[in-house]
Amino acid sequence: MTDTFYKKAQLLDQNDKLAHFKDYFVHEADTIYLDGNSLGKLPQKTIQQTQHLVTHQWGQGLIRSWNNHWIDLPQQTAAKIAKIVGAQEDEIFVGDSTSLNLYKLAFAALKLNEPKKKIVSDNLNFPTDLYILQGLIEQQFQGHSLALVESQDNLTIEEAGFAEVIDNDTSLVLLSHVVFKSAFMYNMARINAIAHQHQALVLWDLSHSVGSVPVHLNDTNADMAVGCTYKYLNGGPGAPAFLYVRKDLQAQLTSPIWAWFGHQAPFDFSLHYQPKQGIQRFATGTPSVLSLSAIGGGVDITLEAGMEALREKSVQQSEFMIELIQNLLVPYGFSIASPLDVSRRGSHISIRHPEGYRISQAMIKPQDGSKIIIPDFRPPDNIRLGIAPLYNTYTELVESIERIRKIVAEEQFSHYSEERPDVT
Ligand SMILES: *Cc1c(COP(=O)(O)O)cnc(C)c1O
(Lines give C-alpha, C1' and ligand atoms only; values in the text may rest on other atoms or scores of the structure.)
Protein backbone atom coordinates (compact mmCIF):
# COMPACT_ATOMS: atom_id res chain seq x y z
CA MET A 1 0.00 0.00 0.00
CA THR A 2 2.81 2.38 0.88
CA ASP A 3 4.34 1.85 -2.58
CA THR A 4 1.11 2.99 -4.20
CA PHE A 5 1.17 6.14 -2.07
CA TYR A 6 4.79 6.85 -3.04
CA LYS A 7 3.88 6.54 -6.73
CA LYS A 8 0.92 8.84 -6.30
CA ALA A 9 3.09 11.37 -4.46
CA GLN A 10 5.72 11.28 -7.19
CA LEU A 11 3.11 12.11 -9.82
CA LEU A 12 1.67 14.91 -7.72
CA ASP A 13 5.15 16.36 -7.20
CA GLN A 14 5.88 16.21 -10.93
CA ASN A 15 2.70 18.14 -11.71
CA ASP A 16 3.09 20.66 -8.89
CA LYS A 17 3.18 24.21 -10.28
CA LEU A 18 4.68 25.49 -7.01
CA ALA A 19 7.39 22.82 -6.76
CA HIS A 20 10.26 25.23 -7.51
CA PHE A 21 9.42 27.44 -4.52
CA LYS A 22 11.05 25.00 -2.09
CA ASP A 23 14.45 25.97 -3.54
CA TYR A 24 13.89 29.51 -2.26
CA PHE A 25 14.44 28.13 1.25
CA VAL A 26 17.36 26.68 3.18
CA HIS A 27 16.93 22.93 3.16
CA GLU A 28 18.64 20.19 5.18
CA ALA A 29 18.74 16.98 3.13
CA ASP A 30 18.13 14.65 6.07
CA THR A 31 15.21 16.62 7.53
CA ILE A 32 11.50 16.92 6.77
CA TYR A 33 10.04 20.05 8.30
CA LEU A 34 6.38 19.88 9.31
CA ASP A 35 6.37 22.80 11.71
CA GLY A 36 5.95 25.79 9.40
CA ASN A 37 2.84 26.61 11.42
CA SER A 38 5.05 27.44 14.43
CA LEU A 39 8.24 28.80 12.87
CA GLY A 40 8.58 29.05 9.10
CA LYS A 41 11.76 28.14 7.22
CA LEU A 42 14.57 30.55 6.36
CA PRO A 43 14.33 32.02 2.85
CA GLN A 44 17.72 32.06 1.06
CA LYS A 45 17.17 35.70 0.12
CA THR A 46 16.80 36.68 3.77
CA ILE A 47 20.37 35.59 4.49
CA GLN A 48 21.85 38.00 1.93
CA GLN A 49 19.45 40.82 2.79
CA THR A 50 20.14 40.54 6.49
CA GLN A 51 23.88 40.35 5.92
CA HIS A 52 23.74 43.44 3.71
CA LEU A 53 21.69 45.33 6.26
CA VAL A 54 24.01 44.50 9.14
CA THR A 55 27.24 45.07 7.26
CA HIS A 56 26.44 48.11 5.14
CA GLN A 57 23.38 49.88 6.50
CA TRP A 58 24.20 49.44 10.15
CA GLY A 59 27.96 48.88 10.05
CA GLN A 60 28.80 51.71 7.65
CA GLY A 61 25.69 53.86 7.36
CA LEU A 62 24.99 54.00 11.08
CA ILE A 63 22.33 56.58 12.02
CA ARG A 64 22.22 57.95 8.45
CA SER A 65 20.51 54.70 7.44
CA TRP A 66 17.33 55.72 9.27
CA ASN A 67 16.51 58.25 6.57
CA ASN A 68 18.14 56.34 3.73
CA HIS A 69 16.67 52.87 4.35
CA TRP A 70 14.77 52.28 7.55
CA ILE A 71 12.14 54.86 8.38
CA ASP A 72 9.68 53.69 5.70
CA LEU A 73 10.31 50.00 6.25
CA PRO A 74 7.22 49.43 8.47
CA GLN A 75 4.92 50.97 5.84
CA GLN A 76 6.59 49.14 2.96
CA THR A 77 6.14 45.86 4.79
CA ALA A 78 2.55 46.78 5.71
CA ALA A 79 1.72 47.40 2.04
CA LYS A 80 2.82 43.85 1.17
CA ILE A 81 1.01 42.22 4.06
CA ALA A 82 -2.13 44.19 3.15
CA LYS A 83 -2.21 42.37 -0.20
CA ILE A 84 -2.00 38.99 1.55
CA VAL A 85 -4.92 39.68 3.90
CA GLY A 86 -7.21 41.61 1.54
CA ALA A 87 -6.80 45.05 3.12
CA GLN A 88 -5.63 48.53 2.09
CA GLU A 89 -2.06 49.44 2.85
CA ASP A 90 -3.11 52.27 5.17
CA GLU A 91 -5.10 49.78 7.24
CA ILE A 92 -2.09 47.74 8.37
CA PHE A 93 0.52 48.55 11.01
CA VAL A 94 3.60 46.30 11.29
CA GLY A 95 5.49 46.12 14.57
CA ASP A 96 5.41 44.81 18.16
CA SER A 97 4.25 41.27 18.97
CA THR A 98 0.88 39.68 18.25
CA SER A 99 0.14 39.68 21.99
CA LEU A 100 0.88 43.38 22.32
CA ASN A 101 -1.19 44.25 19.26
CA LEU A 102 -4.07 42.19 20.66
CA TYR A 103 -3.86 44.18 23.87
CA LYS A 104 -3.85 47.52 22.05
CA LEU A 105 -6.86 46.72 19.89
CA ALA A 106 -8.90 44.89 22.53
CA PHE A 107 -8.37 47.79 24.94
CA ALA A 108 -9.32 50.37 22.31
CA ALA A 109 -12.45 48.46 21.30
CA LEU A 110 -13.63 47.97 24.89
CA LYS A 111 -13.08 51.67 25.56
CA LEU A 112 -15.04 52.72 22.48
CA ASN A 113 -17.95 50.44 23.41
CA GLU A 114 -17.57 51.14 27.13
CA PRO A 115 -21.21 50.92 28.23
CA LYS A 116 -21.43 47.40 26.79
CA LYS A 117 -19.95 44.84 29.13
CA LYS A 118 -19.77 41.46 27.46
CA ILE A 119 -16.74 40.01 25.66
CA VAL A 120 -17.13 36.84 23.61
CA SER A 121 -14.49 34.29 22.62
CA ASP A 122 -14.27 30.50 22.45
CA ASN A 123 -12.64 27.73 24.47
CA LEU A 124 -10.41 26.67 21.55
CA ASN A 125 -8.67 30.03 21.43
CA PHE A 126 -4.92 30.49 21.84
CA PRO A 127 -4.01 31.10 25.50
CA THR A 128 -2.44 34.54 24.96
CA ASP A 129 -5.72 35.82 23.50
CA LEU A 130 -7.67 34.74 26.57
CA TYR A 131 -5.00 35.93 29.03
CA ILE A 132 -5.10 39.40 27.50
CA LEU A 133 -8.86 39.57 27.93
CA GLN A 134 -8.59 38.29 31.52
CA GLY A 135 -5.98 40.95 32.28
CA LEU A 136 -8.07 43.74 30.75
CA ILE A 137 -11.10 42.71 32.81
CA GLU A 138 -9.03 42.50 36.00
CA GLN A 139 -7.11 45.73 35.52
CA GLN A 140 -9.23 48.12 33.44
CA PHE A 141 -12.76 46.93 32.69
CA GLN A 142 -13.84 45.50 36.00
CA GLY A 143 -17.56 45.24 35.34
CA HIS A 144 -16.98 43.29 32.13
CA SER A 145 -17.42 39.54 31.70
CA LEU A 146 -15.95 37.02 29.28
CA ALA A 147 -18.31 34.47 27.69
CA LEU A 148 -16.64 31.51 26.00
CA VAL A 149 -18.58 29.63 23.34
CA GLU A 150 -17.76 25.96 23.97
CA SER A 151 -16.80 23.45 21.35
CA GLN A 152 -18.88 20.27 21.52
CA ASP A 153 -16.20 18.02 20.00
CA ASN A 154 -13.03 19.92 20.94
CA LEU A 155 -12.32 20.43 17.23
CA THR A 156 -14.96 22.68 15.73
CA ILE A 157 -17.46 25.35 16.79
CA GLU A 158 -20.80 26.00 15.15
CA GLU A 159 -21.18 29.64 14.14
CA ALA A 160 -24.85 29.38 15.15
CA GLY A 161 -23.67 29.23 18.78
CA PHE A 162 -22.51 32.84 18.45
CA ALA A 163 -25.94 34.04 17.41
CA GLU A 164 -27.15 32.93 20.85
CA VAL A 165 -24.28 34.40 22.87
CA ILE A 166 -23.68 37.73 21.12
CA ASP A 167 -26.30 40.23 22.26
CA ASN A 168 -26.79 44.00 22.51
CA ASP A 169 -24.56 44.12 25.59
CA THR A 170 -21.63 42.59 23.63
CA SER A 171 -18.80 45.01 22.95
CA LEU A 172 -16.11 42.74 21.52
CA VAL A 173 -15.77 39.32 19.90
CA LEU A 174 -12.21 37.95 19.78
CA LEU A 175 -11.52 34.76 17.83
CA SER A 176 -8.69 32.98 16.07
CA HIS A 177 -9.65 32.58 12.41
CA VAL A 178 -7.84 29.23 12.26
CA VAL A 179 -7.71 27.49 15.63
CA PHE A 180 -4.20 26.53 16.72
CA LYS A 181 -4.81 22.95 17.86
CA SER A 182 -7.37 21.47 15.48
CA ALA A 183 -6.95 23.87 12.51
CA PHE A 184 -10.72 24.49 12.47
CA MET A 185 -11.43 27.59 10.36
CA TYR A 186 -14.23 30.05 11.04
CA ASN A 187 -16.42 31.61 8.39
CA MET A 188 -15.24 35.15 8.99
CA ALA A 189 -18.04 36.92 7.11
CA ARG A 190 -20.71 35.03 9.04
CA ILE A 191 -19.29 35.92 12.47
CA ASN A 192 -18.79 39.56 11.43
CA ALA A 193 -22.41 39.76 10.29
CA ILE A 194 -23.75 38.30 13.55
CA ALA A 195 -21.66 40.71 15.63
CA HIS A 196 -22.57 43.74 13.54
CA GLN A 197 -26.29 43.08 14.05
CA HIS A 198 -25.59 43.93 17.69
CA GLN A 199 -23.06 46.75 17.08
CA ALA A 200 -20.31 44.57 18.52
CA LEU A 201 -16.76 44.79 17.14
CA VAL A 202 -14.86 41.70 16.02
CA LEU A 203 -11.10 41.23 16.46
CA TRP A 204 -9.60 38.37 14.45
CA ASP A 205 -6.32 36.65 15.31
CA LEU A 206 -4.86 35.58 11.96
CA SER A 207 -1.68 33.97 13.31
CA HIS A 208 -2.49 30.52 11.92
CA SER A 209 -4.19 31.79 8.76
CA VAL A 210 -2.00 34.50 7.27
CA GLY A 211 0.00 32.89 4.46
CA SER A 212 -1.85 29.58 4.79
CA VAL A 213 -5.43 30.39 3.76
CA PRO A 214 -6.84 33.31 1.76
CA VAL A 215 -8.03 36.09 4.07
CA HIS A 216 -10.33 38.86 2.81
CA LEU A 217 -10.54 41.42 5.58
CA ASN A 218 -12.22 44.16 3.52
CA ASP A 219 -14.61 41.88 1.66
CA THR A 220 -15.83 40.21 4.86
CA ASN A 221 -16.39 43.56 6.64
CA ALA A 222 -13.77 42.78 9.26
CA ASP A 223 -13.28 45.47 11.92
CA MET A 224 -9.90 44.59 13.42
CA ALA A 225 -7.27 41.88 13.17
CA VAL A 226 -3.81 40.92 14.35
CA GLY A 227 -1.41 38.29 13.06
CA CYS A 228 2.10 37.03 13.24
CA THR A 229 4.75 36.84 10.54
CA TYR A 230 7.05 34.08 11.80
CA LYS A 231 4.73 31.16 10.99
CA TYR A 232 3.49 30.70 7.40
CA LEU A 233 5.07 34.00 6.29
CA ASN A 234 8.58 32.78 7.17
CA GLY A 235 9.62 36.08 8.76
CA GLY A 236 12.03 34.65 11.37
CA PRO A 237 11.87 33.93 15.12
CA GLY A 238 9.99 36.65 16.99
CA ALA A 239 9.54 38.73 13.82
CA PRO A 240 7.28 41.79 14.29
CA ALA A 241 3.54 41.15 14.07
CA PHE A 242 0.88 43.25 12.33
CA LEU A 243 -2.48 44.74 13.15
CA TYR A 244 -5.40 45.82 10.97
CA VAL A 245 -8.15 48.35 11.63
CA ARG A 246 -10.68 49.16 8.92
CA LYS A 247 -10.31 52.68 7.63
CA ASP A 248 -13.48 54.28 9.01
CA LEU A 249 -12.88 52.87 12.49
CA GLN A 250 -9.32 54.11 12.90
CA ALA A 251 -10.12 57.61 14.15
CA GLN A 252 -12.50 56.22 16.78
CA LEU A 253 -9.96 53.88 18.36
CA THR A 254 -7.26 55.15 20.70
CA SER A 255 -4.22 53.10 21.55
CA PRO A 256 -3.80 52.49 25.29
CA ILE A 257 -0.06 53.06 24.83
CA TRP A 258 0.65 56.69 24.06
CA ALA A 259 4.16 56.45 22.70
CA TRP A 260 6.24 58.70 20.52
CA PHE A 261 6.06 56.70 17.28
CA GLY A 262 2.27 57.06 17.41
CA HIS A 263 2.60 60.85 17.76
CA GLN A 264 1.78 63.13 14.83
CA ALA A 265 5.33 64.48 14.76
CA PRO A 266 7.67 62.33 16.85
CA PHE A 267 10.77 64.32 15.91
CA ASP A 268 9.29 67.64 17.02
CA PHE A 269 9.75 66.31 20.57
CA SER A 270 6.60 68.09 21.74
CA LEU A 271 5.66 67.42 25.36
CA HIS A 272 1.99 66.86 24.53
CA TYR A 273 0.64 63.71 22.96
CA GLN A 274 -1.23 64.11 19.68
CA PRO A 275 -1.98 60.79 18.03
CA LYS A 276 -1.38 60.31 14.31
CA GLN A 277 -4.55 60.31 12.21
CA GLY A 278 -4.30 56.90 10.59
CA ILE A 279 -3.26 53.37 11.44
CA GLN A 280 0.19 54.51 12.61
CA ARG A 281 -1.44 55.78 15.83
CA PHE A 282 -0.99 52.19 16.98
CA ALA A 283 2.80 52.40 16.69
CA THR A 284 4.69 52.43 19.98
CA GLY A 285 8.48 52.79 19.93
CA THR A 286 11.39 52.50 17.52
CA PRO A 287 10.83 49.72 14.93
CA SER A 288 12.96 46.54 15.28
CA VAL A 289 14.80 47.11 12.04
CA LEU A 290 16.74 43.82 11.84
CA SER A 291 13.76 41.56 12.32
CA LEU A 292 11.42 43.85 10.40
CA SER A 293 13.70 43.72 7.40
CA ALA A 294 13.88 39.92 7.64
CA ILE A 295 10.12 39.64 7.05
CA GLY A 296 10.53 40.90 3.49
CA GLY A 297 11.99 37.73 1.97
CA GLY A 298 9.18 35.42 3.09
CA VAL A 299 6.42 37.90 2.29
CA ASP A 300 7.77 38.42 -1.25
CA ILE A 301 7.81 34.67 -1.86
CA THR A 302 4.20 34.38 -0.64
CA LEU A 303 3.11 37.19 -2.99
CA GLU A 304 4.95 35.62 -5.90
CA ALA A 305 3.28 32.22 -5.35
CA GLY A 306 -0.14 33.80 -4.72
CA MET A 307 -2.54 32.89 -1.92
CA GLU A 308 -5.06 31.17 -4.19
CA ALA A 309 -2.40 28.84 -5.63
CA LEU A 310 -0.99 28.19 -2.16
CA ARG A 311 -4.41 27.33 -0.79
CA GLU A 312 -5.09 25.02 -3.73
CA LYS A 313 -1.90 23.07 -3.01
CA SER A 314 -2.46 23.11 0.73
CA VAL A 315 -5.95 21.64 0.24
CA GLN A 316 -4.62 18.91 -2.03
CA GLN A 317 -1.77 18.13 0.34
CA SER A 318 -3.87 18.04 3.48
CA GLU A 319 -6.49 15.84 1.79
CA PHE A 320 -3.67 13.49 0.74
CA MET A 321 -2.27 13.52 4.28
CA ILE A 322 -5.70 12.62 5.72
CA GLU A 323 -5.89 9.69 3.30
CA LEU A 324 -2.43 8.56 4.42
CA ILE A 325 -3.33 8.87 8.11
CA GLN A 326 -6.57 6.96 7.67
CA ASN A 327 -4.83 4.10 5.88
CA LEU A 328 -1.50 3.90 7.70
CA LEU A 329 -2.01 5.34 11.20
CA VAL A 330 -5.61 4.86 12.31
CA PRO A 331 -5.06 1.04 12.46
CA TYR A 332 -2.28 1.78 15.00
CA GLY A 333 -4.42 3.69 17.48
CA PHE A 334 -4.22 7.21 16.04
CA SER A 335 -7.21 9.47 15.63
CA ILE A 336 -7.52 12.61 13.52
CA ALA A 337 -8.10 15.72 15.63
CA SER A 338 -8.82 18.15 12.77
CA PRO A 339 -12.02 18.74 10.80
CA LEU A 340 -12.40 16.30 7.90
CA ASP A 341 -14.23 18.97 5.87
CA VAL A 342 -11.36 20.73 4.12
CA SER A 343 -13.38 23.92 3.64
CA ARG A 344 -13.34 24.31 7.45
CA ARG A 345 -9.66 23.45 7.91
CA GLY A 346 -6.44 25.49 7.78
CA SER A 347 -3.11 24.05 6.67
CA HIS A 348 -2.12 21.80 9.56
CA ILE A 349 -3.46 18.47 10.74
CA SER A 350 -3.52 17.28 14.34
CA ILE A 351 -3.35 13.61 15.15
CA ARG A 352 -3.73 12.06 18.57
CA HIS A 353 -2.16 9.02 20.18
CA PRO A 354 -1.73 8.18 23.88
CA GLU A 355 2.05 8.04 23.27
CA GLY A 356 1.96 11.30 21.24
CA TYR A 357 4.84 12.99 23.04
CA ARG A 358 7.29 10.10 22.83
CA ILE A 359 6.30 9.45 19.20
CA SER A 360 7.11 13.08 18.38
CA GLN A 361 10.48 12.65 20.12
CA ALA A 362 11.25 9.54 18.03
CA MET A 363 10.39 11.55 14.89
CA ILE A 364 12.76 14.37 15.84
CA LYS A 365 15.61 12.19 17.15
CA PRO A 366 15.70 8.98 15.09
CA GLN A 367 18.12 6.28 16.27
CA ASP A 368 17.89 4.06 13.19
CA GLY A 369 19.30 6.39 10.54
CA SER A 370 15.84 7.52 9.35
CA LYS A 371 15.26 11.10 8.26
CA ILE A 372 14.58 13.64 11.00
CA ILE A 373 10.95 14.71 10.93
CA ILE A 374 10.00 17.85 12.83
CA PRO A 375 6.36 18.26 13.90
CA ASP A 376 5.24 19.90 17.10
CA PHE A 377 3.49 18.56 20.13
CA ARG A 378 0.59 20.13 22.01
CA PRO A 379 -0.51 18.53 25.28
CA PRO A 380 -1.99 16.22 26.19
CA ASP A 381 -1.53 14.01 23.12
CA ASN A 382 -1.66 16.13 19.94
CA ILE A 383 1.00 15.87 17.28
CA ARG A 384 0.57 18.76 14.86
CA LEU A 385 1.68 18.16 11.28
CA GLY A 386 2.03 21.55 9.60
CA ILE A 387 1.87 21.58 5.83
CA ALA A 388 3.61 24.54 4.21
CA PRO A 389 2.81 24.34 0.50
CA LEU A 390 5.73 26.65 -0.30
CA TYR A 391 8.27 23.99 0.63
CA ASN A 392 6.68 20.66 1.57
CA THR A 393 6.50 17.99 -1.14
CA TYR A 394 3.90 15.24 -1.46
CA THR A 395 6.68 12.66 -1.15
CA GLU A 396 7.68 14.15 2.20
CA LEU A 397 4.13 13.61 3.42
CA VAL A 398 4.27 9.89 2.59
CA GLU A 399 7.74 9.57 4.13
CA SER A 400 6.51 11.24 7.32
CA ILE A 401 3.37 9.19 7.79
CA GLU A 402 5.20 5.96 6.96
CA ARG A 403 7.88 6.89 9.50
CA ILE A 404 5.26 7.51 12.21
CA ARG A 405 3.67 4.16 11.39
CA LYS A 406 7.01 2.46 11.82
CA ILE A 407 7.73 4.21 15.14
CA VAL A 408 4.49 2.81 16.54
CA ALA A 409 4.55 -0.58 14.80
CA GLU A 410 8.06 -1.25 16.16
CA GLU A 411 7.41 0.56 19.46
CA GLN A 412 10.49 2.72 18.86
CA PHE A 413 8.94 5.42 21.06
CA SER A 414 9.57 3.26 24.14
CA HIS A 415 13.28 4.28 24.00
CA TYR A 416 12.39 7.95 24.62
CA SER A 417 11.77 9.87 27.82
CA GLU A 418 8.47 11.50 28.76
CA GLU A 419 10.26 14.60 30.04
CA ARG A 420 9.55 17.79 28.12
CA PRO A 421 11.91 20.69 27.31
CA ASP A 422 10.91 24.35 27.78
CA VAL A 423 9.71 24.91 24.22
CA THR A 424 7.65 22.25 22.43
C1 LIG B 1 1.42 32.06 17.42
C2 LIG B 1 0.21 32.74 17.91
C3 LIG B 1 0.31 33.88 18.70
C4 LIG B 1 1.68 34.39 19.09
O5 LIG B 1 1.69 35.53 19.81
P6 LIG B 1 3.11 36.22 20.14
O7 LIG B 1 2.77 37.45 20.81
O8 LIG B 1 3.83 36.36 18.84
O9 LIG B 1 3.88 35.25 20.99
C10 LIG B 1 -0.85 34.51 19.10
N11 LIG B 1 -2.06 34.02 18.75
C12 LIG B 1 -2.19 32.90 18.01
C13 LIG B 1 -3.54 32.40 17.62
C14 LIG B 1 -1.06 32.22 17.58
O15 LIG B 1 -1.18 31.11 16.85
Side-chain angles (χ1 to χ4, degrees), residues 34-41 77 81 84-85 92-107 119-136 148-149 151 155-157 172-186 188 191 202-213 215 217 222 224-244 256-257 282 284-285 287-288 291-292 294-295 298-299 337-338 345-350 375-379 382 384-388 422-424:
L34 296 180
D35 209 4
N37 55 312
S38 273
L39 175 67
K41 275 192 165 189
T77 313
I81 292 176
I84 297 175
V85 296
I92 303 279
F93 159 77
V94 180
D96 299 328
S97 66
T98 305
S99 301
L100 187 49
N101 287 331
L102 269 167
Y103 178 82
K104 289 186 277 191
L105 291 185
F107 188 114
I119 308 170
V120 175
S121 186
D122 69 38
N123 73 332
L124 299 183
N125 210 345
F126 194 79
T128 207
D129 300 51
L130 298 179
Y131 299 160
I132 279 169
L133 294 178
Q134 290 163 11
L136 282 169
L148 297 185
V149 176
S151 166
L155 306 180
T156 60
I157 298 194
L172 175 67
V173 180
L174 167 59
L175 296 172
S176 292
H177 177 220
V178 172
V179 164
F180 81 106
K181 256 194 204 172
S182 72
F184 167 71
M185 177 165 61
Y186 275 106
M188 214 181 233
I191 297 283
V202 185
L203 171 49
W204 288 102
D205 186 335
L206 304 177
S207 295
H208 270 78
S209 24
V210 62
S212 83
V213 297
V215 174
L217 290 172
M224 301 172 292
V226 296
C228 95
T229 60
Y230 52 77
K231 294 174 180 169
Y232 291 99
L233 291 182
N234 307 298
F242 64 91
L243 67 74
Y244 156 90
I257 303 169
F282 291 101
T284 54
S288 320
S291 49
L292 182 63
I295 301 175
V299 166
S338 290
R345 191 172 71 220
S347 200
H348 65 277
I349 293 172
S350 274
D376 68 22
F377 176 79
R378 291 291 174 262
N382 276 80
R384 294 193 311 172
L385 306 168
I387 298 173
D422 290 343
V423 177
T424 59

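Heads up: numbering here begins at 1 and tracks the sequence. In each ligand, atom 1 is the first atom listed, and ligand 1 is the first ligand listed.
Between Ser99 and Thr128, the closest heavy-atom pair is OG-OG1, 2.9 Å. Taking each heavy atom of Ser207 and Lys231 in turn, the nearest pair found is O-CD, 3.6 Å.
Proximity of a side-chain donor or acceptor of Ser182 to a complementary backbone N or O of Leu155 within less than 3.5 Å is detected.
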### Query
Please walk me through it: do Phe242 and Tyr244 pass ring-ring contact (aromatic ring centres under 6.0 Å, His included)?
CA-CA 7 Å; Phe242 64 91; Tyr244 156 90; 9.0 Å; no
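Residues with a heavy atom under 4.0 Å from ligand 1: Ser97, Thr98, Ser99, Phe126, Thr128, Asp129, Ser176, Asp205, Ser207, His208, Tyr230, Lys231.
Of the options Val210, Leu105, Asp129, Leu174, a side-chain contact (heavy atoms from CB on, under 4.5 Å) to Val226 is made by Leu105 and by none of the others.
Taking the six-membered ring for Trp and the full ring otherwise, Phe126 and Phe180 have centroids separated by under 6.0 Å.
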